[in-house]
Amino acid sequence: MTSRDPRAPGLARLAALVADETRSTCLLALLDGRAWTAGELARHAGVAASTLSEHLGRLVAGGLLAEERQGRHRYVRLADARVAQLVEDLAAQVAPDSAERPRTLRQSGAGSAMARGRTCYDHLAGRLGTAVTDALASRGLLVQDTGFALTDAGLRWFDAAGIALDRRGRRPLARACLDWTERRPHLAGVAGAALCRHALGARWCVRIGSERAVKVTGTGEQALTDLLGIDTAALR
């Protein structure tokens with residue numbers, strides 16, 4: 001008789017936490033990297049505040065969310081980048097054909113905007129994210145042989161572009177994250193987060209709508225063309 005893997009109970013509890021549509025809706029919404037109030041999440045999920053509060057309690061207790069209170073407001077966010085990676089990786093396993101089709105023109109437009117460009121927790125995703133990743137790779141700045149890694153030229157490129165890379169933590173410098181709309185990997189990790197932060201701060205991209213969608217600005221089109229040779233016409 002073989003002994004049971006001691007990780008099995010924990011894995012079962014984790015799977016049970018995610019295996020609820022309301023909780024999954026909250027986790028996906030929080031991939032925008034921001035803190036949401038319980039009321040905002042309740043409206044987003046279409047459930048009563050009391051119902052949502054119970055779900056949030058379970059997610060916080062399970063270590064998937066972190067919470068903080070400011071006055072009478074309760075804010076929650078994904079606990080860390082590890083949780084964001086887990087949620088995005090699970091979402092990427094959902095076949096596109098199984099997703100609910102948009103029922104209104106507004107929903108269709110929002111879906112198109114998310115596919116064109118969005119944030120995935122703290123890095124760029126969608127066609128924008130994969131285009132940036134492909135450009136880095138084609139210029140020898142990023143290698144994808146056995147996982148993602150910046151080359152020496154890539155490190156110099158980030159430095160020359162004025163994009164600081166904080167290497168003091170335990171987070172990988174570069175990591176592949178499977179894009180759930182493009183079905184290909186985009187750049188995550190310290191480098192992906194730094195690039196996204198710079199793109200938003202320099203207004204290469206701006207957030208649009210109430211979800212994670214971003215749009216490349218005229219300034220961003222010029223910068224992405226000059227720095228990476230990206231044809232931004234495909235991202236409009």
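Position 1 is the first residue of the sequence; numbering continues from there.
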Margin query: Using every non-hydrogen atom in the two residues, find where T219 and A202 come nearest and quote the distance to one decimal.
Written below: CG2-O, 4.3 Å
Margin query: Between T151 (side chain only) and G154 (backbone N and O only), is there a donor and an acceptor less than 3.5 Å apart?
Written below: yes
Check: Any sub-3.5 Å donor-acceptor pair from S24's side-chain atoms to D20's backbone N or O?
Finding: yes
Check: Within a strict 4.5 Å, meaning less than it, do heavy atoms of the P185 and R175 side chains meet?
Finding: no
Check: Quick one: does L224's side chain get under 4.5 Å of L128's, heavy atoms only?
Finding: yes
Check: Do L165 and L150 come close enough that some side-chain heavy atom pair is under 4.5 Å?
Finding: yes
Next item on the list: Can you spot which of R34, E68, E67 makes a side chain to side chain contact (heavy atoms under 4.5 Å, CB included) with R77?
Entry: E68
Item checked: Polar side-chain atom of R197 near backbone of D122 as donor-acceptor pair, under 3.5 Å -> no
Checklist line | Non-hydrogen side-chain atoms of L173 and L155 separated by less than 4.5 Å | finding: yes
Note to self: Could you measure the distance from the CD atom of Q70 to the OH atom of Y75? Nearest 0.5 Å is fine.
What the structure shows: 5.5 Å
Check: Under a 4.5 Å cut-off applied to non-hydrogen side-chain atoms, are L228 and R139 in contact?
Finding: yes
Margin query: Is any side-chain heavy atom of L64 closer than 4.5 Å to one of V18?
Written below: yes
Next item on the list: Evaluate the criterion side chain to side chain contact (heavy atoms under 4.5 Å, CB included) for residue pair E221 and T217; output intermediate values, then yes/no.
Entry: CA-CA 6 Å; E221 289 185 358; T217 64; over 6 Å; no
Item checked: Donor-acceptor contact present, side-chain T25 to main-chain E21, <3.5 Å -> yes
Check: For the hydrophobic clusters of this structure (ILVMFWY residues joined by side-chain heavy atoms under 4.5 Å, transitively), does one cluster hold both L178 and V132?
Finding: no
Margin query: Any side-chain to backbone donor/acceptor pair from R118 onto R212? Under 3.5 Å, distance only.
Written below: no
Check: Sub-3.5 Å donor-acceptor pair from the side chain of E40 to the main-chain atoms of T37, do we have one?
Finding: yes
Next item on the list: Applying side chain to side chain donor-acceptor pair (under 3.5 Å), name anything that partners E182, two or more places apart in sequence or on another chain.
Entry: none
Check: What is the ring orientation for W204 with H198, classed by angle as parallel under 30°, tilted 30 to 60°, or perpendicular over 60°?
Finding: perpendicular
Margin query: Applying side chain to side chain contact (heavy atoms under 4.5 Å, CB included) to I230 and T225, what does each step give before you reach the verdict?
Written below: CA-CA 5 Å; I230 296 176; T225 298; 5.6 Å; no
Note to self: What I'd like to find out is whether the side chain of F158 reaches to under 4.5 Å of the side chain of L141, using heavy atoms alone.
What the structure shows: no
Margin query: Side chains of T119 and R207 only: does a donor on one sit below 3.5 Å from an acceptor on the other?
Written below: yes
Notebook entry, point to check: Hey, any chance V143 and F148 share a hydrophobic cluster, counting ILVMFWY side chains that come within less than 4.5 Å of each other, even indirectly?
Noted result: no
Item checked: Option among T133, D179, D134 that satisfies the side chain to side chain donor-acceptor pair (under 3.5 Å) test with R184 -> D134
Notebook entry, point to check: Between CG of L124 and CG of L187, what distance do you get to the nearest 0.5 Å?
Noted result: 9.0 Å
Next item on the list: Evaluate the side chain to side chain contact (heavy atoms under 4.5 Å, CB included) criterion for residues W157 and I163: first the C-alpha distance (whole Å), next the side-chain angles of each, then the deciding distance (0.1 Å), finally the verdict.
Entry: CA-CA 9 Å; W157 181 89; I163 305 174; 4.2 Å; yes
Item checked: Interatomic distance, L86 atom CG to L27 atom CG [nearest 0.5 angstrom] -> 8.5 Å
Item checked: Exercise: identify the closest heavy-atom pair between C177 and E88 -> SG-CG, 3.5 Å
Notebook entry, point to check: Side chains of S53 and R74: does their closest heavy-atom pair fall under 4.5 Å?
Noted result: yes
Item checked: Nearest heavy atoms of H55 and T22, plus distance in Å -> CD2-CG2, 3.5 Å
